[in-house]
Amino acid sequence: MACLARARLIQLTKILHPTPWSFQKEATRKILCVPLFTHNKITRNYAASTPSYKYVLAEKRGEGGCVGLVTLNRPKALNALCGELMEDLKYALLELDADPNVAAIVLTGSEKAFAAGADIKEMQHKGFVDCYAGGFLQGWDALTRIRKPVIAAVNGYALGGGCEVAMMCDIILAGEKAKFGQPEISIGTIPGAGGTQRLTKAIGKSRAMQMCITGDPINAQQASEWGLVSSVHAPDQLVNEAIKLGERIGNHSKVIVSMAKASVNKSYETSLAEGLQFEKNLFYGTFATKDQTEGMTAFVEKRKPNFTDS
Ligand SMILES: C=C(C)C(=O)SCCNC(=O)CCNC(=O)[C@H](O)C(C)(C)COP(=O)(O)OP(=O)(O)OC[C@H]1O[C@@H](n2cnc3c(N)ncnc32)[C@H](O)[C@@H]1OP(=O)(O)O
């Protein structure tokens, strides 16, 4: 059983992270000290404070446990994104991505801080070679390869790497007191995990430039007006709203949702002509699924579709 579980995770790892043996070794290491969850076990173990992870809490919420909830949990450092936290986050997301009951994942922090950025104490004495040869921050990209929709529920500070992690998610909801910023300039560096790129695509050059070269943060209202976040909520309602959004996504076919996500995200990576072709191919691809037939048949028969994620 343990062997099967280990093989399954390594196979999953190969699909999601075609890179390194080192990752597979990590996966192996993790699996030796952490039980690989079946769905029921995920619910039980995660709900009970996730002893497997040091810096994140992972659980399943929403109707039938269809929404994964991952909470960054390093309160003393305002969820500063140290290496260990990012490893925990990656594995928690991978576990939920692999869970067939989970339709969407919510990523949140505390009311004071979603995350105050990469861990400054950890990088303070790094040199160029440490960063370059060690691929500093490169592992963060794993977050962008999660195939299910990830909703960031941002309360408090989302600064530097915190803002970048939020932008790696598919949808950002903000609490009224959220603050988004790229303050790296004030500590003698620049954003290194997508801040100059994703922020520019999200809010335009002039605004992104201003944020990156002044270091000044913006509040939730501004983030909403500028299109960085899709909606703003009372801080104590934010996570519930994000879970409700995850449940709404869960009404649809998971495979089709994942295709829609891939297609929207493609627009970040490519020219319009290539993006349109990519969309068209995936659109045609939906016609190879049972869920397309079911969705259209249900409409014609005036009933709710019964999607089987196939
Ligand atoms: C990807 C890259 C390159 C990056 O992300 S670079 C980092 C970008 N982020 C930043 O520059 C933000 C740094 N943090 C801050 O400016 C302030 O902590 C805030 C967020 C404005 C909050 O201020 P305060 O409420 O006064 O809390 P403050 O006392 O500073 O922080 C509480 C604790 O968290 C620690 N902390 C906060 N942000 C941290 C960070 N990014 N890295 C490491 N520790 C951090 C801080 O050192 C303090 O710990 P200690 O009590 O041991 O001294």
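Atoms within a ligand are numbered from 1 in the order they appear, just like the ligands themselves. For the single chain, residues carry numbers from 1 onward in sequence order.
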Within-cut-off N or O pair, [X] and ligand 1, under 3.5 Å:
X	answer
Ala80	no
Ile120	yes
Lys112	yes
Trp140	no
Gly192	no

Counting non-hydrogen protein atoms only, what is the nearest one to [atom]? Give residue, atom name and distance.
atom	answer
atom 51 (O) of ligand 1	Lys76 O, 4.8 Å
atom 1 (C) of ligand 1	Glu164 OE1, 3.4 Å
atom 12 (C) of ligand 1	Ala116 O, 3.3 Å
atom 16 (O) of ligand 1	Leu159 CD1, 4.7 Å
atom 18 (O) of ligand 1	Leu78 CD1, 3.8 Å
atom 35 (C) of ligand 1	Ala77 CA, 3.9 Å
atom 3 (C) of ligand 1	Glu184 CG, 3.7 Å

### Message
Tell me whether ligand 1 is touched by Met123 - counting only heavy atoms on the residue side and a distance under 4.0 Å.
### Response
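Judged by the 4.0 Å heavy-atom criterion, Met123 does count as contacting ligand 1.
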
### Message
Below 4.0 Å from ligand 1: does a non-hydrogen atom of Ala193 turn up there or not?
### Response
no

When you measure from [atom] to the protein, is at least one non-hydrogen atom found at a distance under 4.0 Å?
atom	answer
atom 5 (O) of ligand 1	yes
atom 40 (C) of ligand 1	yes
atom 26 (O) of ligand 1	no
atom 30 (O) of ligand 1	no

Does any part of the side chain of [Y], heavy atoms only, come nearer than 4.5 Å to the side chain of [X], both counted from C-beta?
X	Y	value
Leu228	Leu199	yes
Asn101	Cys66	no
Met123	Asp130	no
Asn79	Tyr55	no
Leu143	Leu93	yes

### Task
Please lay out, stage by stage, how Phe136 and Tyr132 fare under the test ring pair (Phe, Tyr, Trp, His ring centres under 6.0 Å).
CA-CA 7 Å; Phe136 183 47; Tyr132 191 82; over 10 Å; no

Atoms of ligand 1, numbered as shown, that sit under 4.0 Å from any heavy atom of [X]:
X	result
Gly160	5 (O), 8 (C)
Lys121	47 (O), 49 (O), 50 (P), 52 (O), 53 (O)
Pro183	8 (C), 9 (N), 10 (C), 11 (O)
Gly161	1 (C), 4 (C), 5 (O)

Salt bridge check: are [X] and [Y] linked by an N-O gap of less than 4.0 Å?
X	Y	answer
Lys148	Asp170	no
Glu87	Lys90	yes
Lys54	Glu84	yes
Lys244	Glu63	no

## Note on the structure
Contact region, Leu81 to ligand 1, non-hydrogen atoms below 4.0 Å, reads neither

### Minimal non-hydrogen separation, Ser231 against Leu173, with atom names
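That would be OG-CD2, 3.2 Å.
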
#### Entry: Geometric cation-pi criterion, Lys266 with Phe278: 6.0 Å, 45°
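Verdict for Phe278: a cation-pi partner in Lys266.
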
### Query
Counting heavy atoms not belonging to Gln197, are there more than 12 under 6.0 Å from its CD?
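Check fails, neighbour count at 12 or below.
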
### Query
Would the number of heavy atoms belonging to other residues, nucleotides or ligands and lying under 6.0 Å from CD1 of Ile190 be above 12?
no

